[in-house]
Amino acid sequence: MAAGAYPMSYLATAGASAAPITRLGWGLLTISIVVVLMVGALLAGALWRRRAGVSPDPEGRLPVERRGPGLRWVWVGVGISTLALFVSTVWTLTTLAAVRHPPRPPALTIQVTGHDWWWEARYLGDAPGRDFTTANELHIPVGQPVRLELRSADVIHSFWIPKLGGKTDLIPGRTNMAWIEADRPGDYRGQCGEFCGLEHARMALQVVADPPAAFQAWRDRQLAAPAPAASPPIAAGAAVFQARCGACHAIRGTPAGGLFGPDLSHLALRRTLAAGTLTNDPQGLTAWLADPQAIKPGNEMPRVPLTDGDRAALVAYLQSLS
Ligand code: HEC
Ligand SMILES: [Cu+2]
């Protein structure tokens with residue numbers, strides 16, 4: 001099954017955190033199909049079998065008879081069901097135990113916080129001072145387990161990357177642990193797995209698995225300060241941003257330090273906007289800034305009144321944040 005055609009399919013998965021669950025899923029499906037076929041065949045056989053001629057007594061009642069192999073079928077059936085259920089239970093419990101902890105020490109830890117309706121991701125540093133925050137797109141190194149600390153800023157959300165493992169809830173006031181591992185480079189789409197309000201359906205998450213060297217380069221890039229404004233529109237956009245957007249959004253290396261909305265440092269490296277809602281290109285940015293409420297109704301970014309010139313300058317500035 002092509003990963004591109006079915007990005008959310010959990011029937012073919014790609015990593016050690018998902019493999020035991022996928023095997024279990026196919027196994028239980030196979031057992032269920034065999035059981036349905038057996039029950040169907042027995043039922044059909046029973047319907048087609050000719051009944052031995054039993055004659056009712058004078059009052060029309062059929063005699064109760066425990067002759068023949070009838071009762072044995074019941075015992076055999078109970079035996080097979082017990083065995084199938086026992087195998088399923090043991091297999092489920094061993095799978096749960098197998099995916100509880102990563103097989104090797106995790107390469108890094110990401111603190112993921114669910115917000116109505118986007119994902120905040122804080123990468124804990126590989127050295128002091130190397131922490132950073134990003135949003136809606138996680139990069140991970142291929143072939144290495146990554147530890148996730150899952151929290152919520154508001155209501156219950158659920159972290160779910162179908163190709164990389166099962167769901168883990170993000171619950172207000174607690175930290176849940178999970179881990180993911182991708183064994184092939186590529187994009188893995190995720191989605192909030194627990195209804196969390198109006199825009200729950202537009203709360204997607206992208207995981208990009210890079211070869212380790214590319215991941216390291218991405219991480220170093222995230223830590224770099226933004227390039228100085230290369231043209232007058234970019235400089236104008238930066239000024240508008242500080243004045244109109246910096247209270248909600250942070251851009252590392254600038255005075256903008258708002259924590260209410262997604263961190264926009266290196267926004268231009270991200271593929272989508274507003275948790276998978278729009279493509280991150282000049283058209284998408286312009287449409288988002290023109291009216292975020294028309295695109296994702298009810299989301300927590302208000303429509304900020306801007307002149308066309310200011311909006312174009314903001315788009316140029318945001319596009320320069322690579
Ligand atoms: C009141 C706080 C607030 C203000 C002011 C605000 N935003 Fe936002 N912004 C948000 C929130 C919250 C989101 C997340 C919306 C969602 O996806 O549900 C967001 C999302 C975004 C995104 C998409 C980010 C991503 O990771 O996909 C961009 C780009 C953006 N805002 C730019 C701006 C710009 C430019 C301004 C100034 C004109 C601005 N915002 C003003 C709160 C704000
Ligand atoms: Cu949700």
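In this chain, numbering begins with 1 at the start of the sequence shown. Each ligand, and each atom within it, is numbered from 1 in the order the structure gives.
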When distances are taken from atom 22 (C) of ligand 1, the protein heavy atom at minimum range is Trp288 NE1, 3.3 Å
Apex the Cu ion (ligand 2) - arms SG from Cys196 and ND1 from His200 - angle rounded to 10°: 110°
I'd like to know if the side chain of Glu120 and the backbone of His115 have a donor-acceptor N/O pair within less than 3.5 Å. no
Quick one: are Phe215 and Gln144 in side-chain contact, heavy atoms under 4.5 Å? no
Who's the nearest protein heavy-atom neighbour of atom 39 (C) of ligand 1, and how far? Met301 CE, 3.3 Å
Examine the proximity of ligand 1 to Leu264 and report which part, side chain or backbone, both or neither, has a heavy atom under 4.0 Å away. side chain
Below 4.0 Å from any atom of ligand 1, is there a heavy atom belonging to Lys296? yes
Quick one: look up the protein heavy atom nearest atom 38 (C) of ligand 1 and list residue, atom name and how far away it is. Cys245 SG, 2.8 Å
Donor-acceptor pair between Thr95 and Arg23 side chains, under 3.5 angstrom: no
Near Asn136, which atoms of ligand 1 are under 4.0 Å from a heavy atom of that residue? 25 (C), 26 (O), 27 (O)
If you look at His249, which of its N/O/S atoms is nearest to atom 8 (Fe) of ligand 1? NE2
To which protein heavy atom is atom 3 (C) of ligand 1 closest, and what is the distance rounded to 0.1 Å? Cys248 SG, 2.7 Å
Can you list the ligand 1 atoms lying under 4.0 Å from a non-hydrogen atom of Ala274? 17 (O), 23 (C), 25 (C), 27 (O)
Anything under 30° is parallel, anything over 60° is perpendicular, the rest tilted; go ahead and classify Phe159 against Trp119. perpendicular
For Ala275, does its backbone N or O pair with a side-chain atom of Thr272 as donor and acceptor, under 3.5 Å? no
Is Ala247 in contact with ligand 1, taking contact as a heavy-atom separation below 4.0 Å? no
Interfacing atoms of ligand 1 (cut-off 4.0 Å, heavy-atom, Arg270): 25 (C), 26 (O)
I want to check something: taking the side chain as every heavy atom from C-beta on, are Met177 and Thr175 in contact at a cut-off of under 4.5 Å? yes
If you take all heavy atoms of Ala18 and Leu164, which pair is closest and at what distance? CB-C, 3.5 Å
Could you please compute the angle at the Cu ion (ligand 2) from O of Glu194 to SG of Cys192, rounded to 10°? 90°
So if you build clusters from Ile, Leu, Val, Met, Phe, Trp, Tyr with side-chain heavy-atom gaps below 4.5 Å, do Leu11 and Leu29 land together? yes
Which of the ligand 1 atoms, numbered from 1, are nearer than 4.0 Å to a heavy atom of Glu300: 12 (C)
Does only the side chain of Asp116 get under 4.0 Å from ligand 1, or the backbone, or both, or neither? Count heavy atoms. neither
Looking only at atom types and distance, does a side-chain atom of Ser265 sit under 3.5 Å from a main-chain N or O of Arg252, one as donor and one as acceptor? yes
Among protein heavy atoms, which lies nearest atom 13 (C) of ligand 1, and at what distance? Pro262 CD, 3.3 Å
Does Asn299 reach the main-chain N or O of Met301 with its side chain, forming a donor-acceptor pair under 3.5 Å? yes
Between Phe195 and His200, is the gap from one ring center to the other below 6.0 Å? yes
In this structure, are over 12 heavy atoms from other groups packed under 6.0 Å from Leu85 atom CG? yes
Asn299 heavy atoms, cut-off 4.0 Å: which ligand 1 atoms fall inside? 15 (C), 18 (O)
Atom indices of ligand 1, in the order listed, that fall short of 4.0 Å to a heavy atom of Leu273: 27 (O)
Going by the atom numbers of ligand 1, which of them fall below 4.0 Å from some non-hydrogen atom of Trp117? 17 (O), 18 (O)
Which class fits the ring pair Tyr123 and Phe132: parallel under 30°, tilted 30 to 60°, perpendicular over 60°? parallel
Within 4.0 Å of some non-hydrogen atom of Leu314, the atoms of ligand 1 are 38 (C)
For atom 29 (C) of ligand 1, the closest protein heavy atom turns out to be Leu267 CD2, 3.7 Å
